[in-house]
Chemist: 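Structure below; questions to follow.
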There are 4 protein chains.
Amino acid sequence: MNSPDQRRRSDRAHTAILTAAAESVSEIGYAKTTIEGIAARAGVGKQTIYRWWSSKGAVVLDALLTEHTVDEWPDTGELETDLRLVLRATAAEFADAPISATFRALLLDMQHDPALRESVMTRMLGPQLEATKRRLVSAQKGGQVDADLDLDVAVEVLFGPIYHRWILQTHPFDQTYADAITDLAIRALRPTGKAGRRRRTTPDRRTP
Amino acid sequence: MNSPDQRRRSDRAHTAILTAAAESVSEIGYAKTTIEGIAARAGVGKQTIYRWWSSKGAVVLDALLTEHTVDEWPDTGELETDLRLVLRATAAEFADAPISATFRALLLDMQHDPALRESVMTRMLGPQLEATKRRLVSAQKGGQVDADLDLDVAVEVLFGPIYHRWILQTHPFDQTYADAITDLAIRALRPTGKAGRRRRTTPDRRTP
Amino acid sequence: MNSPDQRRRSDRAHTAILTAAAESVSEIGYAKTTIEGIAARAGVGKQTIYRWWSSKGAVVLDALLTEHTVDEWPDTGELETDLRLVLRATAAEFADAPISATFRALLLDMQHDPALRESVMTRMLGPQLEATKRRLVSAQKGGQVDADLDLDVAVEVLFGPIYHRWILQTHPFDQTYADAITDLAIRALRPTGKAGRRRRTTPDRRTP
Amino acid sequence: MNSPDQRRRSDRAHTAILTAAAESVSEIGYAKTTIEGIAARAGVGKQTIYRWWSSKGAVVLDALLTEHTVDEWPDTGELETDLRLVLRATAAEFADAPISATFRALLLDMQHDPALRESVMTRMLGPQLEATKRRLVSAQKGGQVDADLDLDVAVEVLFGPIYHRWILQTHPFDQTYADAITDLAIRALRPTGKAGRRRRTTPDRRTP
DNA sequence: CTTTAAGCGAGACGGTACGTCTTGTCTTGGC
DNA sequence: GCCAAGACAAGACGTACCGTCTCGCTTAAAG
């Protein structure tokens, strides 16, 4: 849908489109952004957009990715330290930057646009989730995460609360919140200390 | 916007609209459902819809609420038991029934419609979140949840992971998943060895 | 296609559209006139035009007919007198008034638009040709036109030369021209005086 | 615009374009034929078409002329004989062969394309009209056409009726029709009893 | 022979208009 | 007096072609 390295005659057009998309989204929001508007802003024919992208979402996603790349996790050896860092950064990003609104809109659109979903998952969220998983694998090897844990679930435990608050906008994001999640996540993930390395649905007696 | 109990000449119209909305959403999905389509299906003038609802989302929300009410939490005294029950039920609901897809779309659509957000939060999610919080207060009193915990955050830890998976549709829902989340949540919430643990009305008598 | 007496909400829109169409055609010509332009000029949604007319041609035809009605022939009893009058008037009309260019364009469009052809023939040319035919019938009864003549052909003999010059623009239109056609037409149409009133297709003596 | 004899690398392209144009016109009609379509059909870049022709009409005209040349008039000495022959042939050509429809469209399309008009008149209709005129000059010398007649008008009297019927498609073409026009034309053109009649090489031996 | 300029196919590009769709408001006519 | 039906102004949609513009790749000539 949006392979940026195809034989394409004019980079000028391509760049102008992504810039225009980013501007439009930040000025009037994703919902009011239109292909027609992007084309006009970019001084480009609509067909030139449709030639390279299949939908508004695809263009905007590309625009986002152009100025935003997924970071790798730090790995200090201490999971809690790294996690706190990442969750604080994540919370900061989600704390109502316009980019947050755009991302929310992308999530909506991808619900009825399989190609867009594919793109978003492959190019944006997938790498991010996998980076997280890699860090957890490392932590698991270092004994800081329970060996029996399904790491896909673990990833959700890390970010799920943030998504919950972000979507529902029930409470504000701040560093305190990131720290609270960090603490709870660490408690959830760390090894149970004693007993069988079997899947133990509920250990529950942690104190002697 | 959506006071279903105003004096209104024809309940027939009102009912027909909600039914038509529900049908449309289940047949062609939320995204392709239009006010015009609902009106046509219901044999009703568009104005009649606009008279009582402010947007497609509002109608659909009403339609959903008509056939769905929020349940109160069980309280057996044992948080884990209750939580497992509730999470299993939630997972089952979210396991891609068409109604789940609609709700997902609604949740994201409300991002650019404050009135809709208000409605969804007040009439659907608010009660649900508060019911959860009430159960956690009770558990906290019973010493099964760390006394220092911010229960708003605690609620997010319970449902956040499910939301994450539900919105992104990264992995399927099943009972195993509900149980995994339950386990992790319990580990995150229970009192830590050192501090708190003010009272233990009910001993965690899982192992004799 | 364009019954002007349907149940239609706003005459304002209808009138504005026809006026805008007429203006546009006279200012920028038929070819550059667009539905979109007419709508903009008229302060009307495009759909309102498409609701009542099926094509640019249909709108323009209506606009033409609004300000131009087909006249009945005079009948002084003397065919030549009447014919000269009508041909002079016709030549004057065709002598490159902007209306002439528009009519030529309509003829073009109707070549690939059966509905438009139908309209043009029924509402514009048909009545005109029939009025002519009626006058010829009267002349035939009065003995000024050969009784054996096929009047459809006779009509074409009257107007054909004008069409020829009008389409090909080989020579200018003027009164002299109208008179020349009149004279020739009269010579062609008048009874042969003597001999059989039978249809005399051809003497046929092609070989000596 | 269309000098087919310039130095040009590949006759293949040139031929392919004309063939494609002819095919397209006969398959989907003149109106729906596009330069783009012709290029695609011919396996040719659009620019190659624009290099030699200025418009769709120009290409199609060339395509038509490739397979059609203007015939000279016969001159048996008897105008009626020759005219009947020619009009029958003309009527037969115009009797809706697809090529006739194309020519009709071309004729009308040239109304807003002066270069096309120039081409059509110079290369197609001009020669034809002049051939006709030459025959009439000859007939006039022979006393079969009124000496006072403007022969430009006379030409229009011969073909005008046919053009009328052909453009408006009011009635079918057949031999009867050609003959009817012939008769009327002869009656219109022949010398009047009183004036002129300078010479009568061939007596109009219609009545003994 | 080369070289080199042009022709060539392909199709991207900035545009314009198309005809359709949906939105939220306004109007008519029947019940 | 209410309300279905649907007209209305607005404006985005995705498509079709326009005529111009690169891109490399043949070719056929001039050196």
Side-chain angles (χ1 to χ4, degrees), chain A residues 6-14 16-17 31-40 42-56, chain B residues 7-10 12-14 16-17 31-40 42-51 53-56, chain C residues 6-14 16-17 31-40 42-56, chain D residues 6-14 16-17 32-40 42-56:
Chain A
Q6 308 246 89
R7 177 162 109 69
R8 180 192 326 119
R9 268 245 324 277
S10 146
D11 283 327
R12 195 199 68 70
H14 198 254
I17 289 165
K32 291 190 181 169
T33 290
T34 64
I35 296 264
E36 216 148 66
I38 294 172
V44 136
K46 288 182 356 178
Q47 200 55 52
T48 301
I49 298 185
Y50 283 111
R51 188 156 22 240
W52 303 112
W53 292 276
S54 62
S55 63
K56 173 172 77 166
Chain B
R7 152 180 120 62
R8 110 180 60 85
R9 221 187 48 187
S10 131
R12 195 200 67 71
H14 199 256
I17 289 166
K32 291 189 180 167
T33 291
T34 64
I35 295 265
E36 218 148 47
I38 295 173
V44 138
K46 286 172 21 173
Q47 200 52 53
T48 304
I49 297 184
Y50 281 111
R51 191 157 18 244
W53 292 276
S54 62
S55 63
K56 171 173 79 168
Chain C
Q6 307 246 87
R7 177 162 109 67
R8 177 189 336 116
R9 259 242 327 275
S10 143
D11 283 327
R12 193 200 68 71
H14 198 253
I17 289 166
K32 291 190 179 167
T33 290
T34 65
I35 296 266
E36 217 149 63
I38 295 173
V44 138
K46 290 191 332 186
Q47 200 54 55
T48 302
I49 297 184
Y50 282 111
R51 182 150 35 235
W52 303 111
W53 293 276
S54 60
S55 64
K56 172 172 79 165
Chain D
Q6 303 231 97
R7 160 177 116 64
R8 121 178 47 89
R9 220 190 43 201
S10 132
D11 282 325
R12 197 199 65 71
H14 200 254
I17 289 166
K32 292 189 180 167
T33 290
T34 65
I35 296 265
E36 219 149 46
I38 294 172
V44 137
K46 287 175 13 174
Q47 198 61 251
T48 302
I49 298 185
Y50 282 112
R51 188 152 25 236
W52 290 321
W53 292 275
S54 62
S55 64
K56 171 173 78 168

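Throughout, protein chains are lettered first and strands after them, A, B, ... in sequence-line order, and every chain is numbered starting at 1. When reading the values below, keep in mind they use all heavy atoms of this one structure, side chains included, and skip hydrogens, waters and symmetry mates.
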Chemist: Between E:dT23, E:dG19, F:dA12, which one does the side chain of A:E36 approach most closely?
Modeler: F:dA12
Chemist: To the nearest Å, how far apart are D:I49 CD1 and E:dG7 P?
Modeler: 16 Å
Chemist: For B:V44 and B:A13, which heavy atoms make the closest approach, and how far apart are they?
Modeler: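 Closest approach of B:V44 to B:A13: CG2-CB, 4.0 Å.
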Chemist: When you match C:T33 and B:I35 each to their closest nucleotide on DNA chain E, which lands nearer the 5' end?
Modeler: C:T33
Chemist: Go nucleotide by nucleotide along DNA chain F from the 5' end; which of D:K32 and A:T34 gets its closest nucleotide reached first?
Modeler: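 Result of the comparison: A:T34.
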Chemist: State whether D:R51 places a side-chain N or O below 4.0 Å from either non-bridging phosphate oxygen (OP1 or OP2) of E:dA6.
Modeler: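 Result: no.
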Chemist: Quick check: on DNA chain E, is the nucleotide nearest A:V44 upstream (toward 5') of the one nearest B:Q47, or the reverse? Name the residue that is more 5'.
Modeler: A:V44
Chemist: In chain order, what residues pass the side-chain contact (heavy atoms from CB on, under 4.5 Å) check against A:A16, with sequence neighbours excluded?
Modeler: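 Per chain and number, A:A16 pairs via side-chain contact (heavy atoms from CB on, under 4.5 Å) with A:R12, A:A42.
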Chemist: Of the listed nucleotides (F:dC13, E:dT25, F:dT20), which one gets closest to any side-chain atom of A:K46?
Modeler: F:dC13
Chemist: Check for a donor-acceptor pair, side chain of A:K46 on one end and backbone N or O of A:A39 on the other, with a separation under 3.5 Å.
Modeler: no
Chemist: Under the rule for side-chain hydrogen bond (donor to acceptor under 3.5 Å, both in side chains), what residues qualify as partners of D:Q47, not counting sequence neighbours?
Modeler: none
Chemist: For F:dG6, does OP1 or OP2 lie under 4.0 Å from any side-chain N or O of C:W52?
Modeler: no
Chemist: Please report the closest heavy-atom contact between C:K56 and C:I35, naming both atoms and the distance.
Modeler: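 Closest approach of C:K56 to C:I35, heavy atoms only: N-CD1, 3.7 Å.
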Chemist: For E:dG9, does either OP1 or OP2 sit under 4.0 Å from a side-chain N or O belonging to D:R12?
Modeler: yes
Chemist: Within the 4.0 Å heavy-atom criterion, would you say D:G37 contacts the bases, only the backbone, or no part of the nucleic acid?
Modeler: nothing
Chemist: Taking only the side-chain nitrogens and oxygens of B:T48, find out if one of them lies under 4.0 Å from OP1 or OP2 of F:dC3.
Modeler: no
Chemist: Between F:dC13 atom C1' and A:W53 atom CH2, what is the distance in whole Å?
Modeler: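 It is 18 Å, rounded to the nearest whole Å.
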Chemist: From NZ of D:K56 over to C1' of F:dA16, roughly how many Å is that when rounded to an integer?
Modeler: 13 Å
Chemist: Could you tell me the separation between the OH atom of B:Y50 and the P atom of F:dA5, rounded to a whole number of Å?
Modeler: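 Distance, rounded to whole Å: 17 Å.
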